[in-house]
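Scroll down for the structure; my scribbles are underneath it.
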2 protein chains.
Amino acid sequence: MPVTIKDVARRSGVSKATVSRVLNNIPVVREDTRRAVLEATRALGYTPDALARGLTTKKTRTVALVVSDIRNPFFPEVARGVEDLLNNYNYNVMLCNTDGRPEKEEAYIRLLLEKRVDGIIFASVKMGASDLSRLQKRGLPFVLAGRTLPGADADVVVVDSVLGGYQATMHLLQLGHTRIGYVSGPAGVSASVDRHRGYEQALRHNGLDPSPELVAVGDFTQEGGYAGASRLLSLEKPPTAIFCANDIMAIGALEAIYERGLKVPEDVAIVGFDDIPFARLRNIQLTTVMYPKYDLGAIAARMLIERIENPAPDRLAKQVILPPRLIIRRTCGFHLGRSTPGATT
Amino acid sequence: MPVTIKDVARRSGVSKATVSRVLNNIPVVREDTRRAVLEATRALGYTPDALARGLTTKKTRTVALVVSDIRNPFFPEVARGVEDLLNNYNYNVMLCNTDGRPEKEEAYIRLLLEKRVDGIIFASVKMGASDLSRLQKRGLPFVLAGRTLPGADADVVVVDSVLGGYQATMHLLQLGHTRIGYVSGPAGVSASVDRHRGYEQALRHNGLDPSPELVAVGDFTQEGGYAGASRLLSLEKPPTAIFCANDIMAIGALEAIYERGLKVPEDVAIVGFDDIPFARLRNIQLTTVMYPKYDLGAIAARMLIERIENPAPDRLAKQVILPPRLIIRRTCGFHLGRSTPGATT
DNA sequence: CGTCGTTTTGCAACCGGTTACAGCAAGCTA
DNA sequence: TAGCTTGCTGTAACCGGTTGCAAAACGACG
């Protein structure tokens, strides 16, 4: 029923091989043969079978994008960046949600291996470096986007989270805050610890001592932000500003603050990280550190394609570090133009 | 280099056929042979090649999800619903962003045809019914999710937008509003015209005459919502409430309202549609009609699988209509407990 | 112990392309 | 005109699985 290359060959009076050559633009075919084949192709409505092709060429022109949950507003932007770039090179994206659960990651990897994807972009990984190195053994190219993995020597693209954390904290310091809290992400995750590091650096550069009681560990979720901020706010001497390791937690933090009848930024200032779409809503106006998510995806995709199409196995891992950019909106209080922050009452 | 079924066969001293049978759980294999094969499989770290398999079975266990733009907060939820369900059946999702551009849709369809996906879920379509029927000719199953297409007899799952529009408008009427505006989506899109219809029905049921000057045509974007609301607000006699055909436009409308120094809901009430994550943010609290997006995706996926695995070509198109549900938050003013809405001053 | 019905297993074709290699025709050179 | 290129095309093997069919192995029965 479906029309195959053989049908095209028959109709145009040539062999399968020639049809194949025409369709792949191998420039040895005589012009009139080429035309005849093309004509037959059109007449028959022939669609080549990528499976069959892939079977011999070992290429599927498909790559997987692994995220924890596409509903996390960080990821759609990344995904779009990935897809747009991939499209330019005629690749496709397979979307994989893992919820950050290692067993789901495992399952997906196995599946992707079976489907013979050409490569994988990990926009989130929970697995250890050792699991990833199994991929390398297999010769399956991959790149890490938005997260590094200690010990894995793989292509990576991230923003400079240390710098971002530094900028955010510095900004708050310049507004006069001296008690600044930090709501972190899960322990061990590079994005979180790096931002923490930047936070501490900024404090130190201003002669302040980072105090452990001012950092609450969160988990990158809204609830985590809420809980973390709550803890900080119920301190004997609560912070006058809070830097959250990502915007979603900042949203949760806002909630915690409002719930206590406090005002943002008058009573407590907030800075987030990522600049997800929420952040710029008129009713939110979250000051945050912008993470170039679309670019992250696009760059990761480009690096992956580079790896795929130029598989020098000994090529060094490439690291791309994107610059973060502080976006000043209203939750930091900058627009109030004061330099002494409000301790309540 | 890569280990194939032949290697497994050799190592376990049986034929390729037997290995294949073991791996596919065809229960004719003697128990000890089975074990031997399994053992060899593990020892060799064999991963079957889905391409090769698909070549003969005609199944890829991959389906495509076509959306206009995954960054539109409506779609990630849908995508997640799709993927979760698909995973249960061991299918994968290929993500396709088309920006609602017909030529991109075309290009993708061609590609998906080549890649031999088992089916397609259109969460947005711009193409006409005729293009889709070409797919049917080809025997490629698909389902429409969240949008119907007049003239296409295809499986469809949508919410009852007429009812949703009715509920939203009715709610505003019950709060005492009599001048209610409507900001529509693009002309011709079922979701938009159906909601409009519900809006008009509600008005009529309350003895009100729908007035054309109270409907502004938008395009489902924030800017469109802004523009539409702006137009309505600058009417000689502006509405005291506005129903927006989706939440994103409602966000835009809020902007327009604030910009004029007006208050929501005191001066003008707003109701949206979809209940995207934005809507429930503490600082927004948009009253809206909830669209069960996750379910939409999951149901669409289930229908598609049904089609795929049971390809009775004469089976009637199935229509699933999900019930909308009004979610009352604050932008409608319900919490104010008044029954006479505020015309300004 | 031969026969026969059941399992089990292997053979070989096939899925639909790609590609190394060989063959043939025409054009050039000597 | 013989001998070489050069240009174009066909043959056939191969990619790595699945599957219809036939053969082998097995156990039971008479």
Side-chain angles (χ1 to χ4, degrees), chain A residues 1-38 40-41 44-62 90 110-111 113-118 138-139, chain B residues 1-38 40-41 44-62 90 110-111 113-118 138-139:
Chain A
M1 182 66 203
V3 21
T4 77
I5 199 175
K6 204 186 307 183
D7 302 317
V8 178
R10 185 169 22 239
R11 186 185 226 267
S12 45
V14 300
S15 70
K16 292 196 310 175
T18 299
V19 176
S20 174
R21 286 191 270 256
V22 171
L23 266 28
N24 292 328
N25 286 312
I26 297 174
V28 296
V29 196
R30 216 175 44 211
E31 186 51 27
D32 51 339
T33 333
R34 147 175 257 92
R35 258 199 293 272
V37 169
L38 257 20
T41 303
L44 264 33
Y46 169 64
T47 308
D49 185 325
L51 295 182
R53 194 209 314 277
L55 189 52
T56 65
T57 61
K58 303 301 181 200
K59 301 245 142 283
T60 54
R61 297 212 151 251
T62 299
N90 267 291
R110 197 175 7 262
L111 207 70
L113 246 16
E114 290 195 5
K115 297 231 167 147
R116 300 299 193 250
V117 296
D118 292 338
R138 289 272 205 159
Chain B
M1 182 67 203
V3 20
T4 78
I5 199 174
K6 204 186 304 183
D7 302 316
V8 178
R10 185 168 22 238
R11 187 184 224 266
S12 45
V14 300
S15 70
K16 293 194 312 176
T18 299
V19 176
S20 173
R21 287 191 269 258
V22 170
L23 267 28
N24 292 326
N25 286 312
I26 295 174
V28 296
V29 196
R30 219 175 43 211
E31 185 52 26
D32 51 339
T33 336
R34 148 176 258 90
R35 257 198 294 274
V37 169
L38 256 22
T41 303
L44 264 33
Y46 169 63
T47 308
D49 184 324
L51 295 181
R53 195 208 313 277
L55 188 52
T56 64
T57 62
K58 304 299 181 200
K59 300 245 142 285
T60 52
R61 297 211 150 252
T62 300
N90 267 292
R110 198 178 3 265
L111 208 69
L113 246 16
E114 289 195 6
K115 298 230 167 144
R116 299 301 193 249
V117 296
D118 293 338
R138 288 271 205 161

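With respect to A/R61 and A/D118, no salt bridge is recorded, no charged nitrogen being found less than 4.0 Å from a carboxylate O. Contact check on A/R110 versus A/E114 returns no salt bridge, with no Lys/Arg side-chain nitrogen under 4.0 Å from an Asp/Glu carboxylate oxygen.
Separating the CG atom in B/L51 from the OG1 atom in A/T56 is a distance of 10.0 Å, to the nearest 0.5 Å. Rounded to the nearest 0.5 Å, atoms CG (B/L23) and CZ (B/R34) are 9.0 Å apart.
With sequence neighbours excluded, the residues that form a side chain to side chain donor-acceptor pair (under 3.5 Å) with B/K115 are A/T62, A/N92.
Counting any heavy atom pair closer than 4.0 Å across all strands shown, B/V29 reaches sugar-phosphate atoms only and no base atom.
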- Summarise how protein sits on nucleotides 13-27 of chain D as a single string, 5' to 3': B when a protein heavy atom is under 4.0 Å from the base, S for sugar-phosphate-only contact, - for no contact. --BBBBBB-------
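One interatomic measurement links the two molecules: CD of B/E31 to P of C/dT7, which rounds to 16 Å at whole-angstrom precision.
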